[in-house]
Amino acid sequence: MKLQNLLMPQAGLCTQQDMYFRLNKKVHLSDCHQALAFRKQGVAWFDTYFNGFSIEKWKKYTVVREVSVTLFLKGKFEIQLCSKEKIHQTISERELSVTTFDSGEITSITLPFRSYEEKGMYFIRLEALEDGAQYWGGWYEADVLEENLWPVDIAINICTFRREPFIKRNLEILRKHILQNPDNEMSQHLQVFISDNGKTLDIPALADKQVHIVPNKNAGGAGGFTRGLIEIMHCLDYRATHALFMDDEILIEPEALYRTYTLLRCRKREYEDLFIGGAMLRLDQQNIQVEAGAAWYAGNLVSRKSGVDLNTVDGCLYNEIEEYVEYNAWWYCCTPMSVVREDNLPLPIFIRGDDLEYGLRNMKHLMLMNGICVWHEPFENKYSSFLEYYIIRNLLYDNALHCPNFSKWQFLRRLYGSVIRQLFYYRYQNVELIFRGVNDFFKGVDFLRETDGEKLHQEIMAAGYKARPVEELEMPFEYTDYEQSFRENDGRLHKVVRMVTFNGLLLPTKCNNTVSMAQCRPINFYRAKNVLQYDVTSKKAFVTEKQVGKSLGYLFRLIPITGRVLFQFERAKENVSQDAELLTTESCWREYLQTALQEEVCV
């Protein structure tokens with residue numbers, strides 16, 4: 001059984017060569033990107049993100065035992081089969097076997113990996129023994145008895161809102177590499193379900209027997225993904241075993257889907273309910289990992305293996321080490337349909353925390369593996385003012401359900417920190433959003449059930465700051481000032497002065513400033529009167545102004561909210577914990593989405 005393919009860089013997907021193989025100067029990638037051409041003593045190492053084999057994880061989670069590699073070669077090579085493992089700050093390497101290959105034509109050779117310690121990563125090393133040698137791809141494989149394989153049918157679950165170009169691109173990739181590729185054994189075991197929250201997709205042009213699209217109410221990611229789950233559950237022609245949650249604005253590596261499929265087919269019986277998560281990599285720097293699983297810690301979110309450079313062997317081997325994780329975000333999260341039931345659907349909290357809550361509720365075993373990933377726009381360049389409402393409100397819902405020891409004192413520290421930071425940034429509208437989020441939580445689950453999420457979202461968006469083209473602002477945009485804001489720092493004494501004076505709020509103003517909307521820091525606002533806050537991706541900005549009276553007013557408004565937290569917090573948590581299951585049923589979701597099932601789309 002083929003377990004995973006050896007990949008080549010592809011234009012339009014990823015061209016970071018070191019994520020596929022590392023070459024010395026006597027090897028080059030062919031113009032067609034389908035082969036490697038060698039001169040004598042040319043060497044290629046495959047201990048990489050996409051072409052290494054995570055033997056330790058395959059052994060732990062699957063019934064796979066003896067693994068082999070099949071290579072297509074021409075010419076004379078020395079083939080080394082090796083393993084690598086990260087131990088502390090060193091990399092331990094073992095040579096498992098050496099074979100000489102010689103053929104005047106492109107010929108396949110299959111070699112077994114034999115090791116007493118199946119740790120870390122298996123990989124191959126090729127060295128050409130003559131000029132003109134060529135490598136034409138291959139795969140890792142294993143003999144697995146048919147009776148030990150699970151039947152697996154995956155339904156991709158996508159929620160989208162007016163992102164037609166991303167949807168069209170990813171559907172083209174899926175059709176080319178899987179859905180309409182008869183050579184891919186997964187072609188009959190994958191279908192796509194898209195909830196169109198914006199109701200803007202051209203359904204006749206995009207949908208077919210394997211791609212199902214339903215217009216949906218704009219109930220956020222929670223509403224879109226849940227609508228997809230309902231459609232998948234009730235699809236009569238395709239009985240999916242797994243739902244693969246996937247963001248709309250990503251770039252897909254189709255091999256990630258194939259590896260997910262083969263892993264699930266081979267999983268051990270004790271991992272029947274296995275979730276498979278995909279890492280998020282940066283779209284602008286495709287070798288940089290943003291997150292590979294995450295731990296919630298009651299709101300102290302830890303993104304695992306963030307910032308890892310996947311062009312390095314050390315980074316790839318670090319990924320082989322499993323750490324404590326509690327959930328995987330829905331940019332790529334393959335979920336067993338056994339947990340998707342009519343009484344166990346996501347919580348209707350619109351956005352921010354929906355994937356977290358569902359993961360905390362259902363995820364017992366989560367596996368992540370090199371090569372299973374998507375590329376996504378980095379979050380640090382994005383900023384949306386209205387999210388402050390959802391962040392604080394949904395943190396309270398999530399912790400009420402899954403972190404019973406989260407105390408009122410912990411929340412007050414979080415609340416005060418959030419409010420003071422927004423005051424430092426002169427973002428007074430955001431403080432209003434934070435206060436509204438807290439007050440709405442105290443209304444309990446009835447608030448979520450009785451509130452039209454789409455209308456509420458429109459109100460929340462209108463209450464936040466609206467970025468506009470910089471030429472429309474009264475304050476001039478200075479790009480040099482924007483760049484300088486990233487380098488602005490202060491010493492220990494100056495930092496003390498800032499804190500004592502409430503970041504300069506109690507001192508006279510002396511300047512205006514231009515800063516990053518998403519990555520600004522309190523020092524950027526010290527003694528500034530007006531601050532232009534710029535979003536580098538949209539080339540838009542908004543301006544906030546220091547207002548001492550408003551700042552003091554919001555601090556005083558914290559007093560009654562503090563009292564409410566001190567006296568009502570535990571009761572509010574208990575009420576949410578007792579009643580939340582009423583919101584996760586299919587009947588509740590049908591009413592919330594104000595729609596009937598679209599079963600005819602799947603038959």
Side-chain angles (χ1 to χ4, degrees), residues 161-163 218 220 249 284 350-352 377-394 415 417-438 455-488 498 502-505 507-555 557:
F161 182 81
R162 298 179 181 174
R163 290 198 174 104
N218 182 22
E249 55 179 341
D284 58 342
F350 204 86
I351 52 175
R352 293 303 291 249
E377 287 286 352
F379 294 137
E380 72 265 24
N381 290 333
K382 293 184 174 183
Y383 178 79
S384 297
S385 174
F386 68 84
L387 287 177
E388 298 297 335
Y389 168 83
Y390 292 106
I391 290 170
I392 198 76
R393 188 200 71 178
N394 295 348
L415 173 63
S418 298
V419 169
I420 289 172
R421 178 167 289 268
Q422 297 304 321
L423 294 180
F424 282 0
Y425 296 170
Y426 313 153
R427 294 176 179 172
Y428 303 113
Q429 291 171 219
N430 287 4
V431 181
E432 291 284 357
L433 289 169
I434 291 170
F435 288 168
R436 182 170 180 174
V438 175
K455 291 181 180 178
L456 173 65
H457 185 60
Q458 292 171 353
E459 293 177 15
I460 297 302
M461 290 185 67
Y465 289 96
K466 302 294 183 300
R468 295 187 293 156
V470 292
E471 61 270 16
E472 296 180 9
L473 301 174
E474 295 181 2
M475 182 176 169
F477 171 60
E478 302 285 351
Y479 190 79
T480 53
D481 290 348
Y482 168 79
E483 287 288 335
Q484 176 61 32
S485 71
F486 289 96
R487 298 187 291 271
E488 194 172 4
R498 281 199 301 109
F502 207 67
N503 203 49
L505 184 72
L507 299 176
T509 57
K510 63 176 183 179
C511 63
N512 293 328
N513 207 355
T514 300
V515 305
S516 167
M517 190 184 296
Q519 299 183 61
C520 55
R521 296 164 295 134
I523 191 175
N524 301 143
F525 293 77
Y526 178 67
R527 299 188 69 180
K529 174 63 175 175
N530 298 292
V531 181
L532 187 148
Q533 302 181 41
Y534 178 67
D535 175 19
V536 69
T537 56
S538 67
K539 306 297 189 292
K540 295 180 179 180
F542 60 80
V543 177
T544 59
E545 178 185 4
K546 175 182 175 180
Q547 299 182 55
V548 177
K550 267 193 173 183
S551 297
L552 296 176
Y554 282 117
L555 290 175
R557 284 181 59 184

Near-ring test F424/F502, centroid separation under 6.0 angstrom = yes
task = State the CZ-CD1 distance between R393 and I391, to the nearest 0.5 angstrom.
result = 12.0 Å
request  = Apply side-chain contact (heavy atoms from CB on, under 4.5 Å) to I460 and R436, showing your working.
outcome  = CA-CA 9 Å; I460 297 302; R436 182 170 180 174; 3.9 Å; yes
task = Without swapping roles, check the side chain of K466 against the backbone of G464 for a donor-acceptor pair under 3.5 Å.
result = yes
ask   = Within a strict 4.5 Å, meaning less than it, do heavy atoms of the P508 and R527 side chains meet?
value = yes
query = Looking at CG of L456 and CE of M461, how far apart are the two atoms once the value is rounded to the nearest 0.5 Å?
reply = 12.0 Å
Beyond-backbone contact of I523 with R498, side-chain heavy atoms, under 4.5 angstrom = yes
ask   = Heavy atoms, side chains only, cut-off 4.5 Å: are L473 and R468 in contact?
value = yes
inquiry  = Tell me the closest heavy-atom pair linking A463 and L433, and the distance in Å.
reply    = CB-CD2, 3.7 Å
task = Could you check whether the rings of F542 and Y383 sit parallel, tilted or perpendicular, using 30° and 60° as the cut-offs?
result = tilted
ask   = So do the side chains of T514 and F477 get within less than 4.5 Å of each other, counting heavy atoms only?
value = yes
request  = Report the C-alpha separation of K546 and L505 in whole Å, then their side-chain angles, then the decisive distance to 0.1 Å, and conclude whether the side-chain contact (heavy atoms from CB on, under 4.5 Å) test is met.
outcome  = CA-CA 8 Å; K546 175 182 175 180; L505 184 72; 4.0 Å; yes
key: Positive for side-chain hydrogen bond (donor to acceptor under 3.5 Å, both in side chains) with N524, one of E488, Q533, Q519   = E488
query = Shortest non-hydrogen contact from S485 to S516?
reply = OG-N, 4.0 Å
Closest approach of M517 to K540 (non-hydrogen atoms, all atoms of both residues) = CE-O, 3.9 Å
request  = Check the side chains of Y428 and S551 for a donor-acceptor pair under 3.5 angstrom, ignoring hydrogens and angles.
outcome  = yes
ask   = Under a 4.0 Å N-O cut-off, is there an ion pair linking E432 with R557?
value = yes
request  = Answer yes when E249 and K382 have at least one side-chain N-carboxylate O distance shorter than 4.0 Å, and no when they do not.
outcome  = yes
remark   = Taking every heavy atom of I351 against every heavy atom of N394, the minimum-distance pair comes out as O-ND2, 2.6 Å
request  = Could you give me the CA-CA distance, side-chain angles and deciding distance for V419 and F435, then say whether side-chain contact (heavy atoms from CB on, under 4.5 Å) is met?
outcome  = CA-CA 9 Å; V419 169; F435 288 168; 3.8 Å; yes
request  = Measure from the side-chain N and O atoms of N503 to the backbone N and O of P522, and report whether any donor-acceptor pair falls under 3.5 Å.
outcome  = yes
message = If I compare all heavy atoms of Y425 with all of R521, which pair ends up nearest, and what's the gap?
response = OH-CA, 3.5 Å
message = Quick check: closest heavy atoms across Y426 and T544, and the distance to 0.1 Å?
response = O-CB, 3.4 Å
OH-SG distance between Y534 and C520, expressed to the nearest 0.5 angstrom = 15.0 Å
message = Within a 6.0 Å radius of atom CD on E472, are there more than 12 heavy atoms belonging to other residues, nucleotides or ligands?
response = yes
Test side-chain contact (heavy atoms from CB on, under 4.5 Å) applied to Y554 and I434, step by step = CA-CA 11 Å; Y554 282 117; I434 291 170; over 6 Å; no
key: More than 12 heavy atoms from other groups under 6.0 Å of CZ on R421   = no
key: Nearest-0.5 Å distance, CG of residue N512 to CG of residue L532   = 9.5 Å
